[in-house]
2 protein chains.
Amino acid sequence: MNKRRYEGEQTKKNIADKAKELFSRKGYAVTSIQDICDAAGCSKGNLYYHFKSKEDLFLCLEEQTFTEWWEQLDEIFSRCETVTEKLYAYGNFISGIERPLDSAEREFIGKVGMESEAGKKFVAIVNRSFENIKKFISEGIASGEFINENLFELTFIISCFYSGLSRYSSYMMDKEASKTLYRKATTLLLQGLSTGKSGA
Amino acid sequence: MNKRRYEGEQTKKNIADKAKELFSRKGYAVTSIQDICDAAGCSKGNLYYHFKSKEDLFLCLEEQTFTEWWEQLDEIFSRCETVTEKLYAYGNFISGIERPLDSAEREFIGKVGMESEAGKKFVAIVNRSFENIKKFISEGIASGEFINENLFELTFIISCFYSGLSRYSSYMMDKEASKTLYRKATTLLLQGLSTGKSGA
DNA sequence: TTGCATACCGACCGTCCGGTCTAATCTTAG
DNA sequence: CTAAGATTAGACCGGACGGTCGGTATGCAA
């Protein structure tokens, strides 16, 4: 029982990839299970063999996406000298990634509610990302690169800033223009964020 | 034919208000026509008497909302001396308004598509708002208050900044905290935007 | 009073959706 | 070779959805 199991994993991954693409492009509600099956070239039974529900599928995607995302970011961050560099790197990264499930997220939470099991799981996943951002902002404050303002608010503002950008840039301009825009936006943001000192 | 017509208008307005609240809170797809009817205390037939389809209803809301919004903003702006003040006023305004159909918007466009009749109407409505922002940013550049950067990009960044903020602040904090946050965010933004000169 | 447009109701229709279920097929351990 | 289990297909189900339709109530104009 090996080749079979491997193929199964492949199928599951394929379904996940296609689902992500569809949710990301069309939204949660509008994307039907059948759509996903068609795109993945598999049957409904097969999909439901691998995922227990549409909600579960979405949550898996969300989880997986954020995990991969921060694995890559941590790797990138480790090569940065200053937190300012990290911020640029973060912007650059986000610009290339077309924030995968962004539009579907609010839809999802609107549907299942914040109090539901799925809702709580969702919030937990998103919060982890928020905490990651908070961490590197606090580094910036500690090193003296960033102004010593309320950490939560600062993190919130910065998260929202990039979230807002990604929201529209992905379908208003191409990747290259998007990258440039993020760079400029980061520079602009840094004007307000920076203490003027160049770091630790 | 007066009292009847007046009542009709009232009903239509009531439906629109309730629909706006629901779309805004739950999203487009999740809000059913029946939900809206229940909230408005009217029948489905009545709703379809006043609006020709769900899409049409949404578009009316979008149109109406943006129009009202900018009427108020123009009024507020007219009392501002500098463009910097206008930016603060804009932030303050947005913070209090919980950007009404925000979450539903992408869902809507994802459903109908950019190329459809409804999609084009939608884009036209949103673009008008973008142009309004662009206008007052360009004033800021002209007056020497803002840096002389690419107008489109600047407008894009600023729009996205506030859009991102409104997206999360509305369900992460109360009105008062939100207002404070917007003020700080605007100050931060202005660091990058401002030339240092105090205006014309 | 009658005729008519407007405003309103809710049962109903076809469609599609998420999810289930059964049966078939493939792989591999023994 | 075969039993057991993993994997897949797709017909099927109940229900919710957007939208329609035949009909009713209301108030104005004549």
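Throughout, a chain's letter reflects where its sequence line sits, starting with A, and its residues are numbered from 1. As the structure is a prediction and not an experimental result, all values here were calculated from the model.
By the salt bridge (Lys or Arg N to Asp or Glu O under 4.0 Å) test, A:Lys13 pairs with A:Asp17, sequence neighbours left out.
In this structure, the CD atom of A:Gln10 is 12 Å from the P atom of D:dT7, given to the nearest Å. Rounded to a whole Å, the CZ atom of A:Phe58 is 18 Å from the P atom of C:dC17. The nearest whole Å value for the distance from the CG atom in A:Asp38 to the C1' atom in C:dC16 is 13 Å. Taking atom CD1 on A:Ile15 and atom P on D:dT7, their separation rounds to 12 Å, with Å as the unit. In this structure, B:Gln34 places its CD atom 12 Å from C1' of C:dC9, rounding to the nearest Å. In this entry the distance linking CG of A:Leu47 with C1' of C:dT20 reads 13 Å, nearest Å. As a whole-Å value, the separation of A:Lys26 NZ from C:dC16 P is 13 Å. Between A:Ile33 atom CD1 and C:dT20 atom C1' there is a gap of 13 Å when expressed in whole angstrom units.
A donor atom on one side chain and an acceptor atom on the other are found under 3.5 Å apart for A:Glu145 and A:Ser143.
Mapping A:Lys52 and A:Asp35 onto DNA chain C via the closest heavy atom, the residue that lands nearer the 5' end is A:Asp35.
To the nearest 0.5 Å, the span separating CD1 on A:Ile137 from CZ on A:Phe152 amounts to 13.0 Å.
By the 4.5 Å heavy-atom criterion applied to side chains, A:Lys18 and A:Asp35 are not counted as neighbours.
Nearest nucleotide to the side chain of B:Tyr48, out of D:dT8, C:dC8, D:dT20: D:dT20.
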Evaluate B:Glu105 against B:Glu62 for side-chain contact (heavy atoms from CB on, under 4.5 Å), listing each step before the verdict. CA-CA 9 Å; B:Glu105 280 175 10; B:Glu62 192 79 7; 2.7 Å; yes
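Distances shown here put every side-chain N or O of B:His50 at or beyond 4.0 Å from the OP1 or OP2 atom of C:dT6. Within the 4.0 Å cut-off from OP1 or OP2 of D:dT8, at least one side-chain nitrogen or oxygen of A:Thr11 is found. Between A:Tyr49 and the phosphate of D:dT8, there is no side-chain N or O to OP1/OP2 separation shorter than 4.0 Å.
Ring geometry for B:Phe136 versus B:Tyr90: interplanar angle of 30 to 60°, hence tilted.
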Between the protein and nucleotides 10-16 of chain D, list the N/O to N/O atom pairs that are separated by less than 3.5 angstrom.
| unit_1 | atom_1 | unit_2 | atom_2 | d |
| --- | --- | --- | --- | --- |
| D:dG10 | O6 | A:Gly45 | N | 3.2 |

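Because its NZ or CZ atom is not both nearer than 6.0 Å to the ring centre of B:Phe66 and within 45° of the ring axis, B:Arg128 does not count as a cation-pi partner of that residue.
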